[in-house]
Amino acid sequence: MSKDLRFDRKNCDCENCPLNGRTKVRSTCGIPNPSIVLIGEAPGADEESGDTKFSYEDQRAFSQREKGPFIGASGGILKSALGQAGIMWHTVYRMNVINCRPTNNDIDSEDAQEAIKCCKGGFEDELQNLRKMGASVLVPVGNTALKALGVDGSISRSRGSVYSIERFGGVCIPTYHPSFILRGAIREEAVWVADLRKARDLSLKKWKPPKERFNIRPTLKDVRSFVSEAIKNKSLVACDIETDGGVSPDYNRITMIGLAVNGEEAIVIPFLRGGEHAREPYWTTGDEVAVRKDIQRLFDSCDTMFQNALFDVYQMAEKGLTVRKLKHDTMLLHHAIHPELPHDLGYIVSIYGSTPYWKDVTKGSKARMIEQDEDIIRIYNARDTVVLHQCLPDMLKDLKDVGTEKQYFDWSMKLVWPLVRMKMNGIKCDSKQVAKLKRTLEKEYHELDELLRSELDLPASFNFDSNFHLQYLLYGKKPPSLAKKYAEKDEIDASEKRSKTTKKYLELVSAIEPYEKVKPLYQSRSRARNCDAEALLSIQQAAAGRLESMDYLKRPAAQHAVERVAIERLLRFIELYSRFAEVSKMLGTYTNYPIAKDGRVHGDFKIHGTATGRLSASNPNLQNQPKSVRVIFVSEPGNVLIEGDYSNLELRVMAYVAGEPILIDAFEKGVKVHKVNCKLFWETDEDDPLWEKKYRVTKSVVFGTVYGGTAQGLYKRAMAEVPGLNVSFPTFEKRLNNFFARMEGYSKWAQTIREGVTGKLKNPPDWVGYRMTKNAFGRKRFYLGSPDEIERAALDTPIQGTAGDIANAAVVKLDAELLKKPELRAKICVLVHDSILVECPKENAQVVRKLMQKCMEQKYVINGIERSFPAEFKVGTNWYEMLEDDED
DNA sequence: GTCGTATGCGCG
DNA sequence: AAAGCGCGCATACGAC
């Protein structure tokens with residue numbers, strides 16, 4: 001074995017260094033010509049003593065003679081990550097900012113900071129030496145090393161970006177310190193490995209910064225020739241637009257459109273100017289018409305690529321620009337590669353791109369962006385387009401490696417236009433009814449607020465929205481920060497000089513007041529407890545029980561009378577507050593809608609919003625509107641709303657995916673599946689006087705099971721949901737075990753998932769792997785959580801995701817059908833996971849309903865057998881009061 | 001002021 | 001120590 005490379009620092013000011021005399025841990029490397037350099041902050045105890053006692057999962061121990069930086073626990077996990085990134089440990093040069101161990105390993109201590117200064121000369125010498133040896137990539141791990149290299153900003157911002165380090169003559173790519181991962185940042189581990197992989201790629205192909213040939217002040221001629229050139233070359237055009245921010249849903253104007261044909265060349269076509277000329281038009285009216293024609297010409301013939309096409313395509317479609325050949329969406333592409341990681345462009349570029357972090361420019365609100373210097377914003381916009389080209393090839397490579405091309409091309413990309421149209425459609429919102437609802441709720445809110453305060457003697461400073469206040473009222477628990485506030489107040493009180501009328505002092509007084517003036521409902525407890533509806537319910541039940549038992553006391557004492565009063569006070573609070581919380585939620589979240597000029601709400605839908613494949617919704621979230629509020633969503637005069645609901649979609653999917661004969665049989669025969677389950681679970685029949693309750697418990701248990709619930713949890717929830725069924729936990733557990741013993745297919749499937757995702761299975765089937773599951777249509781999810789978390793999530797994801805894909809595909813199909821039949825004038829308004837809402841003229845309702853049914857009940861092959869999922873339909877003029885619409 | 005985190009709750 | 005999945009939004013609160 002060749003002798004390891006070592007380096008002795010020369011130019012250190014050791015004489016003046018507070019750490020002088022400590023063991024110097026010298027840099028090291030297993031090969032003479034390293035290209036990758038890991039830079040840590042300082043040696044730890046293990047490095048100093050030369051011990052090698054790390055214990056990271058399946059890591060083999062280093063040989064005893066291993067010395068140098070990163071040989072403790074950090075070294076173990078680092079070695080593993082390097083391995084995953086395709087870097088051999090012994091080829092890496094390992095160094096630290098300082099050579100000696102700071103006291104208590106505290107890099108922030110004065111001594112250590114002084115040592116960094118004293119070691120600076122040696123550190124720089126070492127960089128020069130590395131330069132001479134031909135090293136090309138520095139990897140500073142953590143903030144200390146980053147700072148030593150002279151790169152501004154924190155590691156969380158700069159990680160993954162490539163920075164040129166002139167004096168070294170190469171680049172650096174910062175990433176997290178292994179100790180950060182060791183402290184439990186599991187979510188960051190995948191990112192960490194990606195950063196190291198990027199370092200490896202950079203060391204192989206010499207990195208050069210992108211050229212950035214941007215035209216940010218184009219003339220009409222520039223636009224024309226860019227478009228003609230792109231069309232002639234059949235370019236894939238990366239596109240990104242900026243808007244001036246949705247102050248109101250009706251005023252969101254396009255300020256510029258950036259277009260790029262490769263990783264360096266872009267044109268930015270402004271429409272509204274920025275900076276001191278904010279909102280002035282860039283073109284004359286006539287020129288703007290010509291420019292728009294050119295852009296449309298481009299969209300008519302060139303393939304396009306976006307980051308989050310849903311946004312840009314919608315914005316442009318609203319303004320008459322139609323993207324016809326949508327080819328790629330890097331956001332959806334990344335979602336298909338790894339659904340659990342972030343998908344914002346900054347993040348994607350940090351993994352796949354070569355442009356350093358540039359997102360800081362646009363800090364602040366979108367509406368304010370236009371006031372910034374227009375050149376800066378245009379360059380920013382241009383970067384947003386060229387980076388798409390930089391990232392695409394490697395992303396497509398990863399997509400292929402991961403094996404989710406189908407998910408990306410056949411499921412995600414196909415949803416873009418249907419969802420753009422769905423957002424354009426929106427849903428009519430009756431603003432008068434919203435106002436009425438708001439008034440009613442406000443009245444009740446104020447009445448309850450007053451009643452609560454007077455009956456429980458609560459001061460105005462008591463805030464029902466404050467969890468701290470509630471914890472104090474309910475449990476007598478004071479927040480830890482209260483002591484600090486007392487101390488601050490005492491200090492001011494004691495000082496004669498300090499005013500007691502300042503805003504700060506008055507704030508302190510009112511912050512403390514609730515804890516002084518309020519008498520807790522329970523005696524003091526130190527433990528924090530929940531104040532949610534479930535907690536209140538269990539307190540209520542306990543209190544009611546206690547009251548009842550006091551009725552049977554043979555000799556009630558005076559203390560019992562006192563207790564009775566206290567319990568009654570508690571029960572009264574729960575009664576009033578429970579309703580108050582409901583009203584407060586409604587008022588806060590469900591009475592404010594962004595209604596556009598057309599009287600409709602155009603909420604957003606996201607394709608990449610979930611890790612399972614479902615859609616998510618926002619602004620407003622039309623997928624979680626309370627049933628009772630849905631009266632405000634109405635059809636236009638002469639129209640109706642049709643809602644198609646899949647019946648038991650997830651349970652059917654579970655039956656087919658898991659291959660559970662009992663459930664499949666029930667579904668195929670058209671028997672009510674929960675009835676079958678209930679009979680099986682309780683070994684009873686419909687004439688059981690407790691049938692109704694047992695039925696509800698069974699439903700709760702089955703749903704809970706899909707979500708990976710434990711026996712304890714299932715029991716607790718079921719009992720809370722269905723009061724009055726006296727079943728002990730042992731009895732419940734026994735029935736549960738019997739039930740799943742009968743559900744052999746499901747149990748076996750669930751066991752395979754549990755063992756598969758945690759890596760306990762030797763030869764797993766292809767639909768499950770270590771930290772991975774695949775749904776019925778090939779959609780994959782990679783899990784980043786703890787083993788417990790991933791087991792539960794993995795039990796649900798293939799089912800939820802398969803169901804989601806089925807509903808999404810129905811929307812895609814329905815959208816296509818409706819495009820072919822414009823005469824039906826039907827609009828898809830909302831998709832709520834297993835339910836599709838469509839609006840159309842009354843006279844077309846039957847035809848549209850049939851079309852919906854056809855699209856929703858498409859056939860799918862699951863586990864080799866063709867299956868279809870039945871839907872039920874309702875019709876009405878508002879989203880709440882809808883009548884069943886059975887088959888003619 | 002802005003940001004991240006905690007708590008709670010609406011829907012499927 | 002406790003453990004039910006997937007979301008988005010409102011409010012409070014402490015840290016920067």
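Keep in mind that the numbers below use all heavy atoms, side chains included, and drop hydrogens, waters and symmetry copies. Chain letters run A, B, ... following the sequence lines, proteins first and then strands; every chain starts at 1.
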- For C:dC5, take OP1 and OP2 only and decide whether either is under 4.0 Å from a side-chain N or O of A:R614. no

- A:L474 atom CG is separated from B:dG8 atom P, nearest whole Å, by 10 Å

- A:S618 side-chain proximity, nearest of C:dC9, C:dG14, C:dG6: C:dC9

- Query: A:D805 CG to C:dG6 C1': how many Å, rounded?
  - Reply: 14 Å

- Message: Can you identify which nucleotide, out of C:dA3, B:dG12, C:dC7, has its nearest atom closest to the A:Y707 side chain?
- Response: B:dG12

- State, to 0.1 Å, how close A:N808 and A:L615 come at their nearest heavy-atom pair, and which atoms those are. OD1-CG, 3.6 Å

- So does A:S466 get a side-chain nitrogen or oxygen closer than 4.0 Å to the phosphate oxygens (OP1/OP2) of C:dC13? yes

- So, is A:N592 near the phosphate of C:dA10, with a side-chain N or O under 4.0 Å from OP1 or OP2? no

- Query: With ring centroids as reference points, do A:Y486 and A:Y515 lie under 6.0 angstrom apart?
  - Reply: no

- When rounded to whole Å, the CG to P distance for the pair A:L837 and B:dG12 reads 13 Å

- Message: Please confirm whether the shortest side-chain N or O distance from A:T589 to OP1 or OP2 of C:dA10 is below 4.0 Å.
- Response: no

- Message: The side chain of A:D796 is closest to which nucleotide in this list: B:dG8, C:dC5, C:dG8?
- Response: C:dC5

- Message: Please tell me if A:K484 has a side-chain N or O lying less than 4.0 Å from either OP1 or OP2 of C:dG14.
- Response: no

- Message: Quick check against the 3.5 Å criterion: does A:Y593 have a side-chain atom that pairs as donor or acceptor with the backbone of A:R600?
- Response: no

- Message: Looking at B:dG8, I'd like to know if its phosphate oxygens (OP1 or OP2) sit under 4.0 Å from a side-chain N or O belonging to A:N467.
- Response: yes

- Provide, to the nearest angstrom, the distance between the CD atom belonging to A:Q471 and the P atom belonging to C:dT11. 20 Å

- Polar pair under 3.5 Å, donor/acceptor by atom type, side chain A:D532, base B:dG8: no

- Message: Using a heavy-atom cut-off of 4.0 Å across all strands, would you classify A:G609 as base, sugar-phosphate, or nothing?
- Response: sugar-phosphate

- B:dG8, B:dG12, B:dG10: which one has an atom nearest the side-chain heavy atoms of A:N530? B:dG8

- Out of C:dA3, B:dG12, C:dC9, which nucleotide sits closest to the side chain of A:K627? B:dG12

- Which listed nucleotide (C:dC9, C:dG6, B:dG8) is nearest to the side chain of A:N621? C:dC9

- Item | Over all atoms of both residues, closest heavy-atom pair of A:N878 and A:L641 | C-CD1, 3.8 Å

- Task: Measure from the side-chain N and O atoms of A:E857 to the backbone N and O of A:A871, and report whether any donor-acceptor pair falls under 3.5 Å.
- Result: yes

- Item | Of the listed nucleotides B:dG12, B:dC9, C:dC7, the one nearest the side chain of A:H833 | B:dG12

- Query: Quick one: A:K606 NZ to B:dC11 P, roughly how many Å, whole number?
  - Reply: 20 Å

- Task: Could you work out which one of B:dG12, B:dC9, B:dG8 sits closest to the side chain of A:A533?
- Result: B:dC9

- Respond yes when some side-chain nitrogen or oxygen of A:K585 is under 4.0 Å from OP1 or OP2 of C:dG8, and no when none is. no

- Message: Over all strands shown, is A:A617 touching base, sugar-phosphate only, or nothing at heavy-atom distances under 4.0 angstrom?
- Response: sugar-phosphate

- Can you tell me how far C1' of C:dG6 sits from CD of A:Q623, to the nearest Å? 10 Å

- Item | Aromatic contact, A:F633 with A:Y880 (centres under 6.0 Å) | no

- Message: Can you see if the side chain of A:N463 gets near the phosphate of C:dT11 - specifically, an N or O under 4.0 Å from OP1 or OP2?
- Response: no

- With respect to the phosphate group of C:dG8, does any side-chain polar atom (N or O) of A:S616 fall under 4.0 Å of OP1 or OP2? yes

- d(CG, A:L622; P, C:dC7) in whole Å: 18 Å

